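What follows is a set of notes on a single structure, which appears directly below.
Source: prediction; values computed, not measured. Naming convention: chains lettered A, B, ... in sequence-line order (proteins, then strands); numbering from 1 in each chain.
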2 protein chains.
Amino acid sequence: MANEKKMDCVILGLLSHESMTGYEIKKRMDITLKYFWGASYGSIYPTLNQLEKDSLVTKVETRENGREKIIYTITKSGLVFLEKWLKDSSVKDELRYETLLKLFFGSQIGPDFTSGHIDRFEEKIKGELPVLKMMVAQLEQIKGMEEAHLYYLLTAKFGVKVYEAYVEWCEETKQTLSDIKKLTN
Amino acid sequence: MANEKKMDCVILGLLSHESMTGYEIKKRMDITLKYFWGASYGSIYPTLNQLEKDSLVTKVETRENGREKIIYTITKSGLVFLEKWLKDSSVKDELRYETLLKLFFGSQIGPDFTSGHIDRFEEKIKGELPVLKMMVAQLEQIKGMEEAHLYYLLTAKFGVKVYEAYVEWCEETKQTLSDIKKLTN
DNA sequence: TGGCTCATGTAATCTGTTACATGATTCT
DNA sequence: AGAATCATGTAACAGATTACATGAGCCA
């Protein structure tokens with residue numbers, strides 16, 4: 001169970017909320033999931049075809065304003081499959097931060113270059129924090145929220161909490177690096 | 001530059017600290033880097049062979065107590081390659097947490113199952129936190145620390161900071177989930 | 001008219017994991 | 001004697017990214 005393709009499950013999960021096209025799945029993921037789960041078209045479209053072959057989704061080809069669209073809908077078996085994965089206790093949580101790798105080997109290049117890596121990391125985080133905070137604020141305003149939005153809110157709060165910890169750590173780390181610099185000068 | 005194999009760089013980085021065997025590289029990574037960069041023998045040994053072909057490392061085959069060992073040492077070109085990567089500003093930082101994915105789709109299975117996922121996540125974190133804190137404590141005790149250890153300390157502090165944020169978030173999330181449960185009962 | 005967004009898809013490639021295979025030594 | 005650890009490696013497979021390819025509609 002731990003080894004099945006996760007993309008299957010993510011797509012089924014999104015389709016359990018709403019029927020969508022592959023293009024819309026990508027957009028939805030880029031807004032709601034990208035902070036902890038990324039995806040590209042190169043994995044979405046082939047997965048959708050496979051899911052259809054396995055009868056976990058059905059497709060309807062339409063044409064809106066001349067643009068062809070393939071709208072996918074989750075099936076009963078799809079929901080069963082999704083639920084089985086969701087209830088399974090085995091998970092794989094993975095963090096791969098090249099920034100930390102470059103920091104770890106920082107003695108090779110010294111505090112100045114290393115500090116640059118931390119700066120860029122911090123900037124990226126600080127750029128994304130307002131977006132996450134806005135998400136949280138917007139979700140909290142909704143009265144009588146759909147249950148799905150409540151869970152979405154929890155993941156957004158994770159983002160805020162963690163990103164704020166990142167920023168704190170960045171500040172402390174830059175301070176230490178500047179101390180190192182003084183010592184070695 | 002952003003797309004070269006990272007395993008090359010990690011191994012070169014470790015060898016820049018000290019000459020080692022593939023087996024030792026794995027052990028070292030499991031202690032110091034596993035919180036933000038994992039690896040398996042299946043990627044370490046082939047990478048070492050490639051690095052040797054490219055003259056970025058040299059190898060010496062020895063025999064210690066009858067056990068064959070291949071000790072790898074970084075070359076001048078290896079150091080140049082490492083430095084080039086370390087100074088390059090492009091990085092890829094990636095977080096893939098299946099736990100968050102299962103939380104995001106929590107409405108499909110309800111607060112009880114979802115809370116279980118958070119519990120297991122929190123337990124794993126709480127199990128690893130003391131290890132990280134011990135690392136930090138030990139590193140901070142060393143007087144006249146080697147520079148490399150200072151950078152190691154900074155990455156360990158990242159772990160502590162972030163894991164503590166995780167635990168806080170877990171507590172808040174479990175509280176919210178228990179509130180949801182009361183509302184829907 | 002030109003550029004952006006909508007929309008779908010494939011092929012090459014990369015990178016890594018898992019499981020297997022082997023064999024010696026050390027510890028209990 | 002048997003289990004764990006030391007030590008090296010391969011083959012099959014999985015999973016995903018990148019770049020490419022195509023084409024239509026919308027906006028300025």
Side-chain angles (χ1 to χ4, degrees), chain A residues 1-11 19-31 33-34 36-54 57 59-72 85 90-96 98 101, chain B residues 1-11 19-31 33-34 36-54 57 59-72 85 90-96 98 101:
Chain A
M1 189 71 188
N3 275 40
E4 86 288 321
K5 225 168 106 195
K6 303 292 160 33
M7 190 52 59
D8 289 349
C9 305
V10 178
I11 289 179
S19 293
M20 275 181 273
T21 67
Y23 190 77
E24 286 166 335
I25 285 170
K26 171 78 163 90
K27 273 193 307 176
R28 186 72 58 99
M29 287 186 74
D30 283 346
I31 294 166
L33 302 178
K34 78 161 171 193
F36 54 90
W37 207 273
S40 61
Y41 289 120
S43 64
I44 291 172
Y45 285 114
T47 300
L48 279 167
N49 281 322
Q50 191 53 49
L51 287 172
E52 205 238 336
K53 270 183 199 152
D54 298 342
V57 303
K59 67 173 171 180
V60 176
E61 289 171 67
T62 63
R63 190 166 282 272
E64 248 174 55
N65 308 330
R67 277 204 193 96
E68 66 170 319
K69 270 192 183 193
I70 303 173
I71 299 167
Y72 291 91
W85 166 67
S90 68
V91 291
K92 192 174 182 188
D93 296 323
E94 204 177 358
L95 191 136
R96 289 216 144 198
E98 198 181 351
L101 220 43
Chain B
M1 189 71 189
N3 273 40
E4 87 287 325
K5 226 169 107 197
K6 302 294 157 35
M7 190 51 60
D8 289 348
C9 306
V10 178
I11 289 180
S19 292
M20 276 182 271
T21 69
Y23 190 78
E24 286 166 333
I25 286 171
K26 170 81 163 89
K27 273 193 308 175
R28 186 71 59 97
M29 287 186 75
D30 283 347
I31 294 167
L33 302 178
K34 77 162 172 193
F36 55 90
W37 208 273
S40 61
Y41 289 119
S43 64
I44 291 172
Y45 284 114
T47 300
L48 279 168
N49 281 320
Q50 191 55 49
L51 287 173
E52 205 237 336
K53 269 182 203 153
D54 297 342
V57 304
K59 67 173 171 181
V60 176
E61 289 171 66
T62 63
R63 192 167 282 273
E64 249 174 53
N65 308 328
R67 275 203 194 98
E68 66 169 319
K69 271 192 181 192
I70 303 171
I71 300 168
Y72 291 90
W85 167 66
S90 67
V91 292
K92 193 175 180 186
D93 296 322
E94 204 177 359
L95 192 137
R96 288 216 145 198
E98 197 180 352
L101 221 43

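Pairing each heavy atom of A/I11 with each of A/I44, the nearest pair is CD1-O, 3.9 Å. Residues A/Y41 and A/P46 come closest through the heavy atom pair O-CD, 3.8 Å.
Computed from coordinates, the A/E94 CD to D/dA14 C1' distance equals 14 Å when rounded to whole Å. Rounding to whole angstrom units, CZ of residue B/R96 and P of C/dT15 are separated by 16 Å. Separating the CD atom of B/E98 from the P atom of D/dA16 is a distance of 11 Å, rounded to the nearest angstrom. One interatomic measurement links the two molecules: CH2 of B/W37 to C1' of C/dT17, which rounds to 15 Å at whole-angstrom precision. Atoms NZ (A/K92) and P (C/dT17) sit 7 Å apart, rounded to a whole Å. Rounded to whole Å, the distance from NZ on B/K5 to C1' on C/dT17 is 14 Å.
When side chains are defined from C-beta on, B/D8 does not count as touching B/D54, because their heavy atoms never get closer than 4.5 Å.
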*Dot-bracket pairing map - DNA chain D, Watson-Crick plus G-U, both contacts under 3.5 Å, | cross-strand*: ||||||||||||||||||||||||||||

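Atom CE in B/M20 sits 11.5 Å away from atom NZ in B/K69 (nearest 0.5 Å). Between A/K6 atom NZ and A/S43 atom OG the span is 13.5 Å, to the nearest 0.5 Å. The distance from atom CD1 of A/I25 to atom CE of A/M7, rounded to the nearest 0.5 Å, is 10.0 Å.
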*asked:* Apply side-chain contact (heavy atoms from CB on, under 4.5 Å) to residues B/R96 and A/F36 and explain how you reach the verdict.
replied: CA-CA 5 Å; B/R96 288 216 145 198; A/F36 54 90; over 6 Å; no

*What string of B, S and - do you get for nucleotides 3-12 of chain C, 5' to 3', if B is base contact, S is sugar-phosphate-only contact and - is no contact with any protein heavy atom under 4.0 Å?*
--BBBBBB--

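Under the side chain to side chain contact (heavy atoms under 4.5 Å, CB included) criterion, A/K59 pairs with A/N49, A/E52, A/E61, A/I70, A/Y72, not counting sequence neighbours.
Nearer to the 5' terminus of DNA chain D, by closest-nucleotide assignment, is the contact made by A/S40 (compared with the other of A/G66 and A/S40).
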